[in-house]
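Accompanying notes for the structure given below.
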Amino acid sequence: MRILAIETSCDETSVAIVDDGRRVLCNLIATQFDLHAKYGGVVPEIASRAHIEKLDLLVREALDRTGTTPPEIDAIAVTRGPGLIGSLLVGVTAAKTLAWSWGKPLVGVNHIHAHAVSAAIDLDHDPWPAIALIVSGGHTSLYEVRDPLDIHLLGCTIDDAAGEAFDKVAMILNLGFPGGPVVDKRAAAGNPAAIKFPRTRLGADSLDFSFSGLKTAVLYHVHGPGQTTGGLQRLTEQNVNDLCASFSAAVVDVLVEKTLLAVRQRGLYTVVVGGGVAANSMLRSRLAAACADGGVALHLTPMQFCTDNATMIAALGYHLHAAGRTDDLTLTASASLPR
Ligand code: KG4
Ligand code: ZN
């Protein structure tokens, strides 16, 4: 089963060709970092236009690179949401056009569920049932994945997503956009115990998250209580490294704690982790240690599939297609989807 998949939910245009949901023939990703960097965040209109400019070229390149002709494609999978509505519409319209003109089945895919399934891409066995921690720029959620088509939300952020907190802290420290990778790098040279930032737990049994208080704590640490400017120049390079490490530790502590709480609450012994923040080195190492201590199997999404990519859309699209859950040309994009 050969699937051509399209992902355009945010600021990455991606096209993949994947066999049987696992064998990745090609995974092309055009990032838009340069276009959004000067604004410190993704500008929806700019993102949509960039998807329009790139998508046709990537589809052509994916076919050329893999030597695939349209008759060899079995289905077209596409992210239908959640995400930026203009960006999603570009991908969904392109997918519908290809499905119609090539006479192929169309499969609309939930982006967050695809992140959850992406951890299994290069495993030789199915890891389900599992607790999935999905940590990205737009979402921070815990799911119980009974199988790729049976996914239940256990908890999610009530304000900022973890990746959003990384991006905002990078903006406070003037480190550029997206913030996650640079804060991760600076944290590696810092002391995670240097500053005691708050850990918001929202109750002993809660699987929900909150990161907006932490972001404000970083802001006031930099500029002084109640101040929003003027403090940055007082920080040395080492102060910034320590701040990045202490902030990262506050985020990671809560993510690790709640993931293991979900494991205990649901009586499961496997954890999978996906989404852009799953690339974070402190999260990867602390989760590995905590899961090893608790006798829990941990599957981290391979680094190249942590940030947005069409391979994960093909992976979940494969299961949906196999179960007959295809869509017709009335498929629409949706900025928010039931999670
Ligand atoms: O999954 P993704 O590509 O897009 C969304 O669906 O949001 O995630 C992007 C997010 C950004 O907020 C970025 O700063 C964060 O993932 N990120 C990281 C790292 N790499 C990317 N956060 C922390 N550490 C990283 N190494
Ligand atoms: Zn994502």
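Everything numeric in this text was worked out from a predicted model, so none of it was measured. Numbering of ligands and ligand atoms starts at 1, following listing order. This chain uses plain numbering: 1 for the first residue, then up along the sequence.
Protein heavy atom nearest atom 26 (N) of ligand 1, with residue, atom name and distance: Asp184 OD2, 2.9 Å. Considering only non-hydrogen protein atoms, atom 3 (O) of ligand 1 sits nearest to Asp308 N, 3.0 Å. What sits closest to atom 9 (C) of ligand 1 on the protein, heavy atoms only, is Gly137 N, 3.7 Å.
In terms of distance to the Zn ion (ligand 2), the nearest N, O or S atom of Asp308 is named OD1.
For a threshold of 3.5 Å applied to N or O pairs, the pair formed by Gly275 and ligand 1 contains no separation below that value. Ligand 1 has no nitrogen or oxygen under 3.5 angstrom from a nitrogen or oxygen of Thr307. Residue contacts with ligand 1: Phe166 is placed with no nitrogen or oxygen under 3.5 Å of a nitrogen or oxygen of the ligand (distance criterion only). Annotation: Ser281 places no N or O atom under 3.5 Å from an N or O atom of ligand 1; distance criterion only.
Listed by number with element, the atoms of ligand 1 under 4.0 Å from a non-hydrogen atom of Gly138 are 7 (O). When each atom of ligand 1 is checked for a heavy atom of Gly163 under 4.0 Å away, the hits are 12 (O).
At distances below 3.5 Å, not a single donor-acceptor pair connects side-chain atoms of Asp308 with backbone N or O atoms of Glu12.
Under 4.0 angstrom from ligand 1, the non-hydrogen atoms of His111 all belong to its side chain. Residue Asn280 touches ligand 1 through backbone and side chain together, judged by heavy-atom distances below 4.0 Å.
Considering each of Gly276, Ala279, Ser136, the one bringing a non-hydrogen atom nearest atom 17 (N) of ligand 1 is Gly276. Scanning Ile134, Val252, Asp167 for the heavy atom closest to atom 13 (C) of ligand 1 points to Asp167. The closest heavy-atom contact to atom 25 (C) of ligand 1, among the options Gly180, Gly274, Ala278, comes from Gly180.
In this structure the side chain of Lys258 reaches within 4.5 angstrom of the side chain of Ser206, judged on heavy atoms. Between Ile131 and Tyr143, the closest side-chain pair of non-hydrogen atoms is not below 4.5 Å. Side-chain contact check for Leu133 versus Leu255: some heavy-atom pair is nearer than 4.5 Å.
Remark: distances from the non-hydrogen atoms of Lys185 to ligand 1 are all 4.0 Å or more. Not a single heavy atom of His139 lies less than 4.0 angstrom from ligand 1.
A salt bridge links Asp253 and Arg199; the closest N-O separation between the charged side-chain nitrogens and carboxylate oxygens is under 4.0 Å.
Leu153 and Leu261 fall into different hydrophobic clusters, where Ile, Leu, Val, Met, Phe, Trp and Tyr are joined by side-chain heavy atoms under 4.5 Å apart, directly or via other members.
His299 has its ring centre less than 6.0 Å from the ring centre of His125. Note: Phe166 and Phe247 meet the aromatic proximity criterion, with ring centroids under 6.0 Å apart. In this structure, the ring of His221 has its center less than 6.0 angstrom from the ring center of Phe197.
Angle NE2(His115) to the Zn ion (ligand 2) to NE2(His111), rounded to 10°: 90°.
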**Q.** Working for salt bridge (charged side-chain N to carboxylate O under 4.0 Å, His left out), residues Arg186 and Glu237
**A.** CA-CA 9 Å; Arg186 298 294 295 258; Glu237 290 295 299; 3.0 Å; yes

(Q) Using side chain to side chain contact (heavy atoms under 4.5 Å, CB included), reason through Arg80 and Val109 one step at a time and then give a plain yes or no. (A) CA-CA 6 Å; Arg80 67 186 176 99; Val109 175; 5.9 Å; no

